[in-house]
Q: 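I have a structure here, written as structure tokens, and I will follow up with some questions on it.
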Amino acid sequence: MQMRTDTLTIDVAGKRLTVRDTDGRSEELPYDALILGTGAVSVRPPIEGLSGPDALGPPDGVHLLHSMGDTFGIMQYLAARRPKSAIVIGAGYIDLEMAEALTTCGLNVTQIEAMPEAMPEVLPTVDPELGALVHDELASHGVEVITGTQVSTITRAPSGGALHVRATGSDGRRFTRGTDLSWSSSAYGRTPPSPPPPERISA
């Protein structure tokens, strides 16, 4: 196994690839079969403020779940910042668990689900009757549940302070909520991490 090694070229016909280690040394390696195992990263929700060079992240109170490290990051944020409110974007299984955990920690939690009015409950993959029961249970524990609503933007003032989550309801009404913490699961799927490609792949 060779760690910290970049692949420079792949000669498919000759079944050889050229690699370079961290010291700059290059060598050719033969292979019988080649597997490109790139791993995966979370697909960020299509929400303005979560991508690009100025994307908000954990230091700003915006957390996306992909690994256990992300979970530890949320725990550290809670301990260090002691937020009083949170918005959970999504209402799938993991989102519900996070809403429960944050409520148990004493935060005022709002849960926003983007499914259309035809499926106006949480847990959209289950029967509407069960979703309605879960919705009522969340409300009984103080969680404000807003369904049929699409979050479009998350911003934070340059001076810090509360996050501002802008969303649009199924009736077209737009509103903005202030919060100390925003959380979204990785339910939007996975994608390859897009490392720099080999300099040359020859057939």
Side-chain angles (χ1 to χ4, degrees), residues 41-66 70 73-74 77-78 81 83-103 105-191:
V41 295
S42 298
V43 175
R44 286 181 168 256
I47 297 173
E48 185 179 343
L50 298 186
S51 60
D54 299 322
L56 297 172
D60 305 296
V62 178
H63 298 267
L64 299 170
L65 180 64
H66 174 63
D70 298 325
I74 296 173
Y77 186 90
L78 292 174
R81 302 290 184 88
K84 292 181 170 53
S85 62
I87 290 178
V88 176
I89 302 171
Y93 295 100
I94 299 176
D95 307 304
L96 297 183
E97 290 181 5
M98 181 55 65
E100 178 187 18
L102 293 174
T103 301
C105 290
L107 279 71
N108 295 319
V109 177
T110 299
Q111 190 141 28
I112 300 177
E113 169 58 47
M115 292 301 291
E117 193 67 23
M119 303 177 67
E121 292 301 342
V122 299
L123 288 178
T125 58
V126 303
D127 293 336
E129 293 80 5
L130 178 56
L133 291 175
V134 176
H135 186 150
D136 292 343
E137 184 68 15
L138 286 167
S140 71
H141 286 82
V143 177
E144 180 185 12
V145 181
I146 304 174
T147 57
T149 298
Q150 181 71 53
V151 174
S152 58
T153 308
I154 301 177
T155 59
R156 189 167 199 168
S159 57
L163 293 162
H164 293 92
V165 177
R166 287 197 283 273
T168 303
S170 57
D171 59 357
R173 182 179 62 88
R174 298 180 180 180
F175 64 91
T176 300
R177 287 290 180 89
T179 184
D180 299 323
L181 182 150
S182 175
W183 185 88
S184 177
S185 74
S186 56
Y188 287 82
R190 303 284 195 272
T191 186

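What you see is a predicted model, and the numbers here were worked out from it, not measured in a lab.
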Q: Do you know the tightest heavy-atom contact between Val122 and Thr147?
A: N-CG2, 4.4 Å
Q: Run the numbers on Arg177 and Ile146 for side chain to side chain contact (heavy atoms under 4.5 Å, CB included), then give the verdict.
A: CA-CA 12 Å; Arg177 287 290 180 89; Ile146 304 174; 3.9 Å; yes
Q: Please give me the minimum heavy-atom distance between Pro45 and Leu64, naming the atom from each residue.
A: CD-CD2, 3.9 Å
Q: Please answer whether the main-chain N or O of Arg173 pairs with a side-chain N or O of Asp171 as donor and acceptor at a distance below 3.5 Å.
A: yes
Q: What's the shortest heavy-atom distance between Leu102 and Ala86, and which atoms?
A: CD1-CB, 3.7 Å
Q: Rounded at 0.5 Å granularity, tell me how far OG in Ser182 sits from CD1 in Ile47.
A: 7.0 Å
Q: Between Leu56 and Ile154, which heavy-atom pair has the shortest distance, and what is it?
A: CD1-O, 3.4 Å
Q: Tell me, please, which residues at least two apart from Thr110 pass side chain to side chain donor-acceptor pair (under 3.5 Å).
A: Glu144
Q: Please name the pair of heavy atoms, one in Ala162 and one in Arg156, separated by the smallest distance, quoted to 0.1 Å.
A: O-CG, 4.0 Å
Q: Quick one: closest heavy-atom pair of Gly92 and Leu123, and the distance?
A: C-CD2, 3.8 Å
Q: How far does CD of Gln150 sit from CZ of Arg166, to the nearest 0.5 angstrom?
A: 14.0 Å
Q: Verify side chain to side chain contact (heavy atoms under 4.5 Å, CB included) between Gln111 and Leu96, making sure each step is shown before the conclusion.
A: CA-CA 8 Å; Gln111 190 141 28; Leu96 297 183; 3.6 Å; yes
Q: side-chain contact (heavy atoms from CB on, under 4.5 Å) with Ala101: which residues, sequence neighbours excluded?
A: none
Q: How would you list all residue pairs meeting salt bridge (charged side-chain N to carboxylate O under 4.0 Å, His left out) that involve residues 45-59, not counting sequence neighbours?
A: none
Q: Is there a side chain to side chain contact (heavy atoms under 4.5 Å, CB included) between Ile89 and Ile87? Walk through the geometry before answering.
A: CA-CA 6 Å; Ile89 302 171; Ile87 290 178; 4.2 Å; yes
Q: With rounding to the nearest 0.5 angstrom, report the CG to CG distance, Asp60 to Asp180.
A: 13.0 Å
Q: Could you please spell out the steps behind the side chain to side chain contact (heavy atoms under 4.5 Å, CB included) verdict for Leu78 and Leu107?
A: CA-CA 10 Å; Leu78 292 174; Leu107 279 71; 4.2 Å; yes
